[in-house]
Novice: 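First, the structure itself, so that you have it in front of you.
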Amino acid sequence: MNILIVDDQELVLLSLSKCLNDLGYNVVSANNVFDAIKKYDLFEPNLVIADINMPVLATGKQQNDTTHINDKASGLEIVKYIKKIKKHDTPVMILSGNNDEDIIVKGFELGVADYMKKPLSLGEIAVRVSRLIGPGDSISTMKMNRNRSIQSTCTGVVIPCYNEETRLLSDEFKAFVHKNLGYHLCFVNDGSKDNTLAVLQEMRKGNEDRISIYNCEKNGGKAEAVRLGMLHLAKQNQFDYIGFLDADLSTNFDDFDDLVQTIRHSDYKIVSGSRISRMGADIAKESARKIISMTINYIIRKTLGMDFKDTQCGAKIMTKEIVEKTFQKKFLTKWLFDVEIFMRMKKVYGSDKAKQLICEKPLNRWVHMDGSKLSFKDSFKIVGQIGQIALHYR
């Protein structure tokens, strides 16, 4: 049984291809409508699985063959080509995070056999494929795929690492990317002097498609490590959102995914985690550190001109637009680059508009982990850095 998969996000293509190959299907993939049509004619698949929101072409080149293709809802053009132009009865499944009812109805009117809304498990996809064209040569991996999900969006996460050899929770990172197929973790080794790089390389084995390493030979500080990692991921077209997370997982993946869902279902361009103590939340800080944090936060709020409760939480998610407009230049400070991001947003969008584009979302859990790189002595230096930021961005 031959299957053609069409999606512009590499993480989705890799996940679906491996799942269906393991089940005994012969799979070919395409990442744009034009290539999909060419491969359909050459491959003559028994089934086509396509996304809706895709580019017509992989590049901006004009092709004479695509004059009949509409740029809008381009995934449906594949259905139109198969059903209306070729007049074939090849079943087409739509796999998409698009919830526009008009587009869904249009798909069925064109002859779509099934419509699957992300997120959903690979196991469910396998069952639906089997129902349409019959089982593949193997069903041994069907149960294994039930708990592995393709998310509605593809998200890149930068994780800065400096001498994290003993604190990296390798099993937790590997378990997360194995289960959540819409995530890619990019670890930035910030010139570590211990065996952090070796630990990262070992973690990446078997997860090369979902875990990458950006290696900096010299230590440049957390701000520069995050900046380089964010710019590196922003060059890849497949990511809907890009964020960063601390290597010690003081903010866990459940909370980080809540940040992603918040930005996905809103018009915000950046969603920042906030370690606000409140009923129902597990927020643990050392008492002395908490007092210092409250004092620093008060000064930051006055400097920013924003009622931010916690700018320094190491968990944030944002659009590519924010990365491209606020990460191009090096940050002035090692620890307060979060504040600089918001300052740069005010310069780009204006103060009032910037406030509308930023969301501060309380976390359900945050625990101070031993081995923090920031000492109490460093905390007092931060006050001087706030003054430096205020002068530079005024």
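Throughout, residue positions are numbered sequentially from 1 according to the sequence presented.
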Novice: Pairs under 3.5 angstrom only: tabulate donor-acceptor contacts from the side chains of residues 216-223 to other protein residues two or more places apart or in another chain.
Specialist:
from	atom 1	to	atom 2	distance (Å)
N219	ND2	D190	O	3.0
N219	ND2	D190	OD2	2.7
K222	NZ	D246	OD1	2.8

Novice: Shortest non-hydrogen contact from C161 to L168?
Specialist: SG-CD2, 4.2 Å

Novice: According to the ring pair (Phe, Tyr, Trp, His ring centres under 6.0 Å) rule, which pairs have a member within residues 107-136, sequence neighbours left out?
Specialist: none

Novice: List for me each residue that meets side chain to side chain contact (heavy atoms under 4.5 Å, CB included) alongside A113, sequence neighbours excluded, and say none if there are none.
Specialist: P91, L132

Novice: Taking R148 for its side chain and K179 for its backbone only, find out whether a donor-acceptor pair lies under 3.5 Å.
Specialist: no

Novice: If only atom types and distance count, is the side chain of E360 paired as donor or acceptor with the main-chain N or O of S272 below 3.5 Å?
Specialist: no

Novice: For N252 and F256: C-alpha separation, side-chain torsions, deciding distance, then whether side chain to side chain contact (heavy atoms under 4.5 Å, CB included) applies.
Specialist: CA-CA 6 Å; N252 64 21; F256 191 83; over 6 Å; no

Novice: Looking at side-chain heavy atoms only, is the closest gap between V177 and D209 below 4.5 Å?
Specialist: no

Novice: For R210 and S15, which I'm curious about, is there any donor-acceptor pair between the side chains at under 3.5 Å?
Specialist: yes

Novice: Are the side chain of N180 and the backbone N or O of G182 linked by a donor-acceptor pair below 3.5 Å?
Specialist: no

Novice: Just jot down the side-chain hydrogen bond (donor to acceptor under 3.5 Å, both in side chains) partners of K38, sequence neighbours excluded, or say none.
Specialist: none

Novice: With a 6.0 Å cut-off (strictly less than), is the heavy-atom count around CG of D41, excluding the residue itself, greater than 12?
Specialist: yes

Novice: Under a 3.5 Å cutoff, is there a donor and acceptor pairing between the side chains of Y393 and R344?
Specialist: yes

Novice: Going by side chain to side chain contact (heavy atoms under 4.5 Å, CB included), name the residues that satisfy it together with K334, two or more places apart in sequence or in a different chain.
Specialist: none

Novice: Do D240 and Q9 get their side chains close enough for a donor-acceptor pair, meaning under 3.5 Å?
Specialist: yes

Novice: Membership question, hydrophobic clusters at under 4.5 Å side-chain separation (ILVMFWY): are V48 and L14 in the same one?
Specialist: no

Novice: For D338 and W335, work out which heavy atoms get closest and say how close.
Specialist: OD1-O, 3.7 Å

Novice: Is Y268 atom OH crowded by more than 12 heavy atoms from other residues, nucleotides or ligands, each under 6.0 Å away?
Specialist: no

Novice: Quick check: does any side chain N or O of K39 sit under 3.5 Å from a backbone N or O of F34, one acting as donor and the other as acceptor?
Specialist: no

Novice: Compute whether any side-chain donor of one residue and acceptor of the other, for Q238 and D8, lie under 3.5 angstrom apart.
Specialist: no

Novice: Distance only, no hydrogens: is a donor on one side chain within 3.5 Å (strictly under) of an acceptor on the other, for S192 and E164?
Specialist: no

Novice: For T196 and N189, test the side chains for any donor-to-acceptor distance below 3.5 angstrom and give the result as yes or no.
Specialist: no

Novice: Which residue pairs pass the ring pair (Phe, Tyr, Trp, His ring centres under 6.0 Å) test when at least one of the two sits in residues 188-217, sequence neighbours left out?
Specialist: Y214-H232

Novice: Which residues pass the ring-ring contact (aromatic ring centres under 6.0 Å, His included) test with Y183, sequence neighbours left out?
Specialist: F176

Novice: Looking at residues at least two apart in the chain, or sitting in another chain, which of them share a salt bridge (Lys or Arg N to Asp or Glu O under 4.0 Å) with K18?
Specialist: D22

Novice: What's the verdict on side chain to side chain contact (heavy atoms under 4.5 Å, CB included) for T333 and E340, showing C-alpha distance, side-chain angles and the deciding distance?
Specialist: CA-CA 8 Å; T333 61; E340 292 191 60; 3.0 Å; yes

Novice: What do you reckon, is NZ of K118 surrounded by more than 12 foreign heavy atoms closer than 6.0 Å?
Specialist: yes

Novice: Show the nearest heavy-atom pair for residues I322 and K269, with the distance to one decimal.
Specialist: CG1-O, 3.5 Å

Novice: Taking the side chain as every heavy atom from C-beta outward, state whether L181 and V12 have any pair of such atoms under 4.5 Å apart.
Specialist: no

Novice: In chain order, what residues pass the ring-ring contact (aromatic ring centres under 6.0 Å, His included) check against F331, with sequence neighbours excluded?
Specialist: F327, F337

Novice: Is there a side-chain contact between E124 and V127 (heavy atoms, below 4.5 Å)?
Specialist: no

Novice: Give the intermediate values and the outcome of side chain to side chain contact (heavy atoms under 4.5 Å, CB included) for residues N2 and Y25.
Specialist: CA-CA 6 Å; N2 300 327; Y25 298 102; over 6 Å; no

Novice: Tell me, do R227 and K329 make a side-chain contact under 4.5 Å, heavy atoms counted?
Specialist: no

Novice: If I compare all heavy atoms of G107 with all of L76, which pair ends up nearest, and what's the gap?
Specialist: CA-CD2, 3.9 Å

Novice: Taking all non-hydrogen atoms of both residues into account, name the closest pair between I317 and G243 and its distance.
Specialist: CD1-N, 3.6 Å

Novice: Report whether F342 and V348 are members of the same hydrophobic cluster (ILVMFWY, side-chain heavy atoms less than 4.5 Å apart, transitive linking).
Specialist: yes

Novice: Are V105 and V92 linked, directly or through other ILVMFWY residues, by side chains that come within less than 4.5 angstrom of each other?
Specialist: no

Novice: What heavy-atom pair brings K86 and I82 nearest, and what distance separates the two atoms?
Specialist: CB-O, 3.5 Å

Novice: Quick one: do K325 and E321 make a salt bridge, cutoff under 4.0 Å?
Specialist: yes

Novice: If you round to the nearest 0.5 Å, how far is CD1 of I49 from CZ of R128?
Specialist: 11.0 Å

Novice: Checking F173 now: which residues fulfil ring-ring contact (aromatic ring centres under 6.0 Å, His included) with it, not counting sequence neighbours?
Specialist: F187, F253

Novice: Is it the case that more than 12 heavy atoms not belonging to E208 sit under 6.0 Å from its CD atom?
Specialist: yes

Novice: Counting C-beta onward and ignoring hydrogens, is there a side-chain heavy-atom pair between I213 and Q201 closer than 4.5 Å?
Specialist: yes

Novice: The test is side chain to side chain contact (heavy atoms under 4.5 Å, CB included); show your working for V199 and L197 and say whether it passes.
Specialist: CA-CA 5 Å; V199 172; L197 182 58; over 6 Å; no

Novice: Taking S130 for the side chain and A126 for the main chain, is one N or O donor matched with an acceptor at less than 3.5 Å?
Specialist: no

Novice: With a 4.5 Å heavy-atom cut-off, do I150 and L122 have their side chains touching?
Specialist: yes

Novice: Under 3.5 Å, side chain of K83 to main-chain N/O of T90, donor-acceptor pair present?
Specialist: yes

Novice: List for me each residue that meets side chain to side chain contact (heavy atoms under 4.5 Å, CB included) alongside R301, sequence neighbours excluded, and say none if there are none.
Specialist: N297, Y298, D307

Novice: Do S212 and H184 have side-chain N/O donor and acceptor atoms under 3.5 Å apart?
Specialist: yes

Novice: So for atom CD, which belongs to E10, do other residues, nucleotides or ligands contribute more than 12 heavy atoms lying within a distance under 6.0 Å?
Specialist: no

Novice: Ion pair present between K361 and D255, side-chain N to carboxylate O less than 4.0 angstrom?
Specialist: no

Novice: Under the side chain to side chain contact (heavy atoms under 4.5 Å, CB included) rule, collect the residues that match up with E44, sequence neighbours excluded.
Specialist: none

Novice: Indicate yes or no for a side-chain donor-acceptor contact from Q328 to the backbone of E324 under 3.5 Å, with no hydrogens or angles considered.
Specialist: yes

Novice: Testing the 3.5 Å rule here: is there a donor-acceptor pair between the side chains of Y162 and K193?
Specialist: yes

Novice: Could you check if a side-chain atom of Y241 sits within less than 4.5 angstrom of a side-chain atom of T319, using non-hydrogen atoms only?
Specialist: yes

Novice: So do T155 and I242 actually touch side chain to side chain, heavy atoms under 4.5 Å?
Specialist: no

